[in-house]
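Down below is the structure, laid out as C-alpha cells.
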Amino acid sequence: MITPARPPARRSAARLGAGIATLALVATGCGGGGGAGAGSAPGKVTSITALDYYTDQTEHAQWGELLAACGGTVGVTVEQTSVPGASLIPNVLQQASSRTLPDLLMLDNPDLQQIAQTGALTPLDQYGIDSSGFAKGILSASTYDGKLYGLAPDVNTIALFYNKDMLAKAGVAVPRTWAELKAGAARLTRPGRYGMAVDANATFEGTWQFLPFLWSNGGDEKQLATPQAAQALQLWVDLVKSGSMSKSVLNWTQSDVSDQFVAGRTAMMINGPWRISALNEAKNLHWGVAPIPVPQAGQNPVTPLGGEVWTVPQSASKARQEKAAQVLACLNDSANMLALAKQHFTVPSRSAVAAQYAEQVPSMAAFVQSVEAARARTGELGVKWPQAATGIYTAIQYALTGEQTPEEALQHAQQIATSP
C-alpha cells in the first residue's frame, strides 16, 4: 500500500477494475475552475503535465483516464507521470530547485505544508476554485500560512472492523468505549485467535493507528508526555499484556493486520476502507465496521485524515497554471468525488456528497462519520509533524515491549519530537 517512510494516506493497490468509463463520462460535464487563461486556439496551451505516485498499473490507468477526461473539458491533453511514493518528495524538491515542476502536482496531504513552505505552490484562491462544503480537516490539511494550496477529491481514515459471526457467538456487542473494547477483546480471545489487532510497527503507520486513541482522549502531539497520552498508550499495553492482542502487532503492517482478520486469527481490527475490496472477496467472512471506540460513552472519535491533494505549482506560464487549475477543479467536482469514492472505497471530500455516499454504500458510513471530525496530521505542528510522529511510534515500541512504562516512553517521545 505504502512504503514505510510515507505517512499512511494511500489506498491499497488492490483496486476494482470497473469504473474508469464512468469517471470519464462524469468528467465530461465538469466546468473549469479558473478565469481567463489559455484556450485551445492556435498559439495557446494545448497540453499540461501531471505528477503523482499512483504507480499501480490499474490505479495509474484509472487516474490517467480521469485526468484525460478533465483535460478534455478545458481543451488540453494531460501528460501523466507516476513515480513511487518514496521518490515523490525528493523528485519534487529537486524539480522545485531546477524550476521544472509539473503543471499539476499530487501530494500526500501531510507533505503539502513542506512543499508550500518552499514557495513552489500557488494559492488556489487566485483561480476562483470553489472550496465550499469541504470538511474542516480536509481544508486544514491543504492550508499553509493561511492560504489554501490544494484540494483532495476523496479522503480516508480508519475505523473498527469486526467479525459479525465471532462477536455473535461470544455474545459480544460492538464495542463503543475503551472499557467495552477491553472486555470484548478478552471474551473473543481463544487459542489461535486474538480479540483485537492493530498496526503498531515502528513506522508512520504505527503512529497513524494510535492517533485516534491519543486524540480522542484529549492527548496532543504538541506535548506528548501527558496523562492523557499515557492513558491511551496504556490501553494498548493492557491489550497485549492480557493476551487479547498479539505482541506481533509491533511488526505488523496494516496489510498484515487485514490478513490476520481475513484468516480468522483476530476478531476485530483497526484498519482503513482500502481493505474492503479484499474483505469482500473473502468467502464466508461476515464483517461489519464501526467508529473506533472512545474513552467514554457519548464521545466522537477523532481520527487522522488520509488522502492526496492536488496542487498547482509555480511556473513561468500563467496560462499553463490556469489550465492546471481548471483540471484540478474538475477533479474536485462533486460528481467526480462520488464516482471516485465508489470506485476506491474512499470518502468524498464535500460533506453533502459524503452524506449521499453513506446512504448508497452503508459499509462506508462509519468512515464518513469519522471524516467529519478527522484531523490533519500537520494541523498542529505543520512541517515539524514528522518528528512528533517518529516520537510516537518509538514510544509505542518501548511500551508494548515492556522496556519502558507508557509515561517513560512518552517522555522519550517528547525529546524526539522537540530535538533540533
*Mutual orientation of the aromatic rings belonging to Tyr54 and Trp310 [parallel < 30°, tilted 30-60°, perpendicular > 60°]*: tilted

Between [Y] and [X], do the side chains contain a donor N or O and an acceptor N or O under 3.5 Å apart?
X	Y	value
Ser98	Thr100	yes
Asn217	Gln231	yes
Trp208	Gln254	yes
Arg320	Ser315	no
Tyr127	Thr122	yes

Show me, pair by pair, the donor-acceptor contacts under 3.5 angstrom made by side chains of residues 284-300, not counting sequence neighbours?
unit_1	atom_1	unit_2	atom_2	d
His286	ND1	Asp165	OD2	2.7
Gln299	OE1	Gln296	N	2.9

Working to the nearest 0.5 angstrom, can you tell me the gap between [X] [atom1] and [Y] [atom2]?
X	Y	atom1	atom2	result
Ser419	Gln414	OG	CD	10.0 Å
Tyr194	Thr266	OH	OG1	9.5 Å
Asn156	Met364	CG	CE	8.0 Å

*Assess the pair Trp178 and Trp236: is the distance between their ring centroids shorter than 6.0 Å?*
no

_If you count heavy atoms of other groups shown closer than 6.0 angstrom to CZ of Arg265, is the number above 12?_
yes

_Under a 4.0 Å threshold between the charged nitrogen and the carboxylate oxygen, would Glu322 count as salt-bridged to Lys44?_
no

_Using only atom types and a distance under 3.5 Å, with no angle test, would you say the side chain of Arg377 pairs donor to acceptor with the backbone of Ala389?_
no

